[in-house]
Amino acid sequence: MRLIKPTERGLYVEPGDFYIDPWLPVERAVLTHAHADHTYRGSKNYLVSKEGERLFRTRLYNEGNIETLSYGKSTTINGVKVSFHPAGHVLGSAQIRVEYKGEVWVASGDYKLTFDPTCAQFEPVKCHAFITEATFGLPIYRWTKPEILFEEVNEWWRGNVEKGKATVIFAYSLGKAQRIMKSVDHSIGKIFTHGAVERLTRDYRETGVDLPPTKYVGEVADKKEFIGSLIIAPPSAQDTPWTRRFGAQSTGFASGWMRIRGARRRRAVDRGIILSDHADWDELLTAINATEAEQIWVTHGSIDILVRYLQSIGKDARPLETKFVGDAPETEIADGEEGD
Amino acid sequence: MKNFSDLYIALDQTNKTNEKVEAMVKYFQKASAADAAWAIYFLSGRKPRQIIPTAKLRMWAAEISQIPDWLFELSYDAVGDLGETIALLLPDTTATGSELPLAYWVENRTVPLRGLDESEQREAVAQAWNELDANERFIWNKLVTGSFRVGVSQLLVVRALAQVSGIEKEIIAHRLMGSWSPNADFYLNLLEASSEDADLSRPYPFHLAHQLDFSLEDLGDIKDWQAEWKWDGIRAQLIRRGGESFLWSRGEDLVSERFPEITTASFALPDGTVLDGEILPWKDDEVMAFAQLQRRIGRKDVGKKLLEEVPVVLLCYDLLEFGGEDFRQRELKERRAKLIEILDGLPDEARKTLIYYPAVEAKSWEELSKIRDESRSRRVEGFMLKRLASPFRVGRPRGDWWKWKIDPLTIDAVMIYAQRGTGKRASLYTDYTFAVWNNGELVPFAKAYSGLTDKEIRKVDRFVRDNTLETFGPVRSVTPKLVFELGFEGIQKSSRHKSGVAVRFPRILRWRDDKKIEDADTLDAIHQMLEAEN
Ligand SMILES: [Zn+2]
Ligand SMILES: [Zn+2]
């Protein structure tokens, strides 16, 4: 039985009559996480994780009937048992487990296994069928250990302090920005945020995530304050006049794609910081194995490659044909989260 | 090896020339003479032949990484560089970087691989990968495959070495010419303070000109002026001293080896002669398009075929030194007369390459203006106006020399296709096809590249990737959104082009991000220009 099917509105759970991360308005939506390409406005009823509630409310402009459910607790929608399990992707991100007549499916949403101090660690969930993402589904993608990576970032920041430069990191405003501010050595200097980052950081704090003090760039009157500081901004701010106020600066871009030299050069920043919200190749294989699923459905990214590889090691893997039509509005692409 | 790999990363991480020079200075200050010699060898674009065939490296890397060949190939596709793909795929080691010197890695661990049989090679390669960290593996792979390359010009290497040693740039550049072996002795000689060779190669600073920004009549009597066609090539100085020849480009790069025909011809010049001129691609008594010269510029070793296809000349303008005497303070009139006398006296073979072009004769400014209209058909950029009594000055002083360039024809056009560049820009979309409106449709009419800043190129590159409609091999069609101002030197009717016109020397003048595609020009406007031109 295909408990979860792709439709032109999004993943659909037929017996429960609800959608997972629908991109068009529906009666009932169950969301994996609050990134722009997963949380769309306009549906009537939403079920979201308790842990991500504030982020979801911000992203949905508090519209619609928003209900919450904590990790590990379950509810029933039209006879289908539904529960959320940590995906380790960003604050409140969930794998969605659905159970109907003894059949268990899990939709992973986006996930990672690497340690992240700003959200709950990924938990493998046993199931019959597992829908996995494959954003970084190539063996060239292997992440640096966070402690080594952030030591490099700290060293770079310190070097910039010595040269009297500001350090500007472009990173997605939901998740990665907070992970960076939490993981760097705050004793090096002050941390400032772009407006988009600041707003979501507030949601993190209000949810109870302990983050170091940060200040919104717009509140700074004296530009000298930026010398030696760290500024965290969304990628859309790169190459805009907004960055001029920081004076002499060294720039970095935080993304899994930065693992490849060509991608680093195209980004035209001083530093490519290999930091991703997604699973790398080894993590994908580890997560897939841990579910003990009989069937693996692959979506999002290097679908054909991961399917072919899983089949070559004897798994029943198939591409999940998505019927996504049209593009997300441009503002959301710019500040979106698609495959970083 | 670690220091060299750190240097590579530092150079790779910045586009700022000062930071590049600083990184090299830091390296040379620490490096042993032997290491420094090898570093100069690699940084200045020299490389040993490929040592191990890439097919073998691919196979071994896939085996050691325990991935199937098809997955290796797809990974290679995604990365686009073999040495990097291998470095990314190999299992992590505990190696934290090899403290062993670069010279050891090249001389003991790389070059000798050539003499080994296949199984010994595999073992040695695997052992090397095991001892190196990820960045060093990448660099070593590039050395082994003979594809090492880093974004510095020889000029920057020279600047760094001059800074380290306190020796003048010109001397270092000269000492780096020709063939040499990268070893400690070479490096020590390179930084030797003795200055016997110094004066020989040193060029004079160039005299440059401003664009004329007032009316011609204000220059006074035309009889006091010399009008020369303004050629579009590489401004250069040819030096013949002490039985040696040196060709300097205006960027103060020693280019003698790149233009061997000029160097050979210079042997016929009397000792103690310095000429100011322009390197031009020249065939059948006519200048070729600048694009042809670009084919020569990038090459250090010029093949026989290219030499035949794009021969160059030095079109001489001025005489700066004669009989070892500095001529620059003499009047242009006198210098020019002497120059022509020298060139006319050369043997025929040398006269083919060291040429001059007669000054343009006109009785009035008005007449000269008329002659200037021939610029486009002559493939020149207009006139250089030089006061006959002027000395050869330094820098760009106002008063004696003026550029009087023609305005390029311009059109606002919409980018509709983008193609990846070549060489070091192979990963960027740098070549674009532009269209103009015709009956509500965008019709392609010109292809152009260059003219944008590096930063703009990267922005356009990102735009292309985000707005691709279709992909045909290296070409992508994109959503029509970006408007550019194109300049070109002429228009001709053409039945081969869909637009019915062919433009000469199209180039991007600037990005019109203030314009919408509706604001772009129409084909009608181009046809009107065509009529006006002819
Ligand atoms: Zn996401
Ligand atoms: Zn996603």
Side-chain angles (χ1 to χ4, degrees), chain A residues 136-145 148 152 155-156 159 163 165 235-236 238-240 248-253 256-274 280-282 285 301-302 304-313 327-328 330 333-334 336 338, chain B residues 8-10 12-16 19 22 61-62 65-81 83-92 96 133-135 138 142 150-151 420 424-429 453-462 464-467 479 481:
Chain A
F136 291 104
L138 269 175
I140 47 176
Y141 294 108
R142 278 204 320 260
W143 308 148
T144 316
K145 288 194 184 67
I148 296 174
E152 283 167 12
E155 206 178 295
W156 167 53
K163 290 179 196 145
K165 286 185 183 179
S236 54
Q238 196 190 341
D239 291 341
T240 66
Q249 57 191 277
S250 183
T251 54
F253 184 73
W257 303 115
M258 295 297 104
R259 172 106 166 133
I260 310 299
R261 185 169 164 271
R264 284 199 295 274
R265 295 193 67 81
R266 279 197 292 278
R267 259 296 152 183
V269 286
D270 301 316
R271 284 299 167 110
I273 302 167
I274 308 166
D280 69 6
W281 176 257
D282 293 344
L285 300 180
S302 308
D304 297 339
I305 296 172
L306 186 58
V307 166
R308 183 169 168 189
Y309 183 77
L310 290 171
Q311 288 172 349
S312 81
I313 56 171
D327 270 333
E330 205 161 307
I333 293 175
E338 209 42 59
Chain B
Y8 178 87
I9 294 168
D12 200 40
Q13 270 172 353
T14 182
N15 290 318
K16 302 190 185 83
E19 289 179 9
E22 200 184 304
S65 313
Q66 297 184 317
I67 58 164
D69 288 342
W70 65 266
L71 191 51
F72 183 92
E73 291 308 316
L74 287 172
S75 297
Y76 180 26
D77 265 3
V79 176
D81 178 286
E84 185 184 357
T85 308
I86 292 174
L88 292 173
L89 286 174
L90 288 172
D92 292 330
T96 52
D133 75 12
N135 289 320
F138 168 60
K142 311 258 354 148
V150 64
R420 262 184 268 172
K424 73 176 186 189
R425 287 202 166 141
S427 70
L428 288 168
Y429 285 87
T453 64
D454 281 356
K455 197 167 180 175
E456 284 173 328
I457 289 174
R458 284 188 297 261
K459 268 180 113 165
V460 175
D461 176 77
R462 231 178 293 160
V464 170
R465 287 165 203 276
D466 293 344
N467 292 277
T479 317
K481 232 180 197 172

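Just so you know, these numbers use all the heavy atoms, side chains as well, and skip hydrogens, waters and symmetry mates. Sequence lines set the chain letters: A, B, ... in the order given, protein chains first and strands last, and positions in each chain run from 1.
In terms of heavy-atom proximity, Trp281(A) sits nearest to Leu71(B) at CZ2-CD2, 3.7 Å. Arg142(A) and Leu89(B) make their closest contact through NH1-O, 3.2 Å (heavy atoms, listed as atom of the first residue, atom of the second, distance). Closest non-hydrogen pair, Tyr309(A) versus Trp70(B), comes out as N-CH2, 3.6 Å.
Atom-to-atom distance recorded for Ile140(A):CD1 and Ser65(B):OG is 12.0 Å, nearest 0.5 angstrom.
In this structure Ala62(B) satisfies the side-chain contact (heavy atoms from CB on, under 4.5 Å) test together with Asp69(B), Phe72(B), sequence neighbours excluded. With sequence neighbours excluded, no residue satisfies side chain to side chain donor-acceptor pair (under 3.5 Å) with Glu84(B).
With a 4.5 Å cut-off on non-hydrogen atoms, Arg271(A) touches chain B through its side chain but not through its backbone. In this structure, the portion of Leu138(A) lying under 4.5 Å from any heavy atom of chain B is its side chain and not its backbone.
Residues Asp239(A) and Arg458(B) form no side-chain contact, since every pair of their non-hydrogen atoms from C-beta on lies 4.5 Å or further apart.
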Exercise. Could you go through the salt bridge (charged side-chain N to carboxylate O under 4.0 Å, His left out) check for Asp12(B) and Arg261(A) one step at a time?
Key: CA-CA 9 Å; Asp12(B) 200 40; Arg261(A) 185 169 164 271; 2.9 Å; yes
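In this structure a side-chain-to-backbone donor-acceptor pair under 3.5 Å is present from Arg259(A) to Leu88(B).
A salt bridge links Glu19(B) with Lys165(A): at least one charged nitrogen is closer than 4.0 Å to a carboxylate oxygen.
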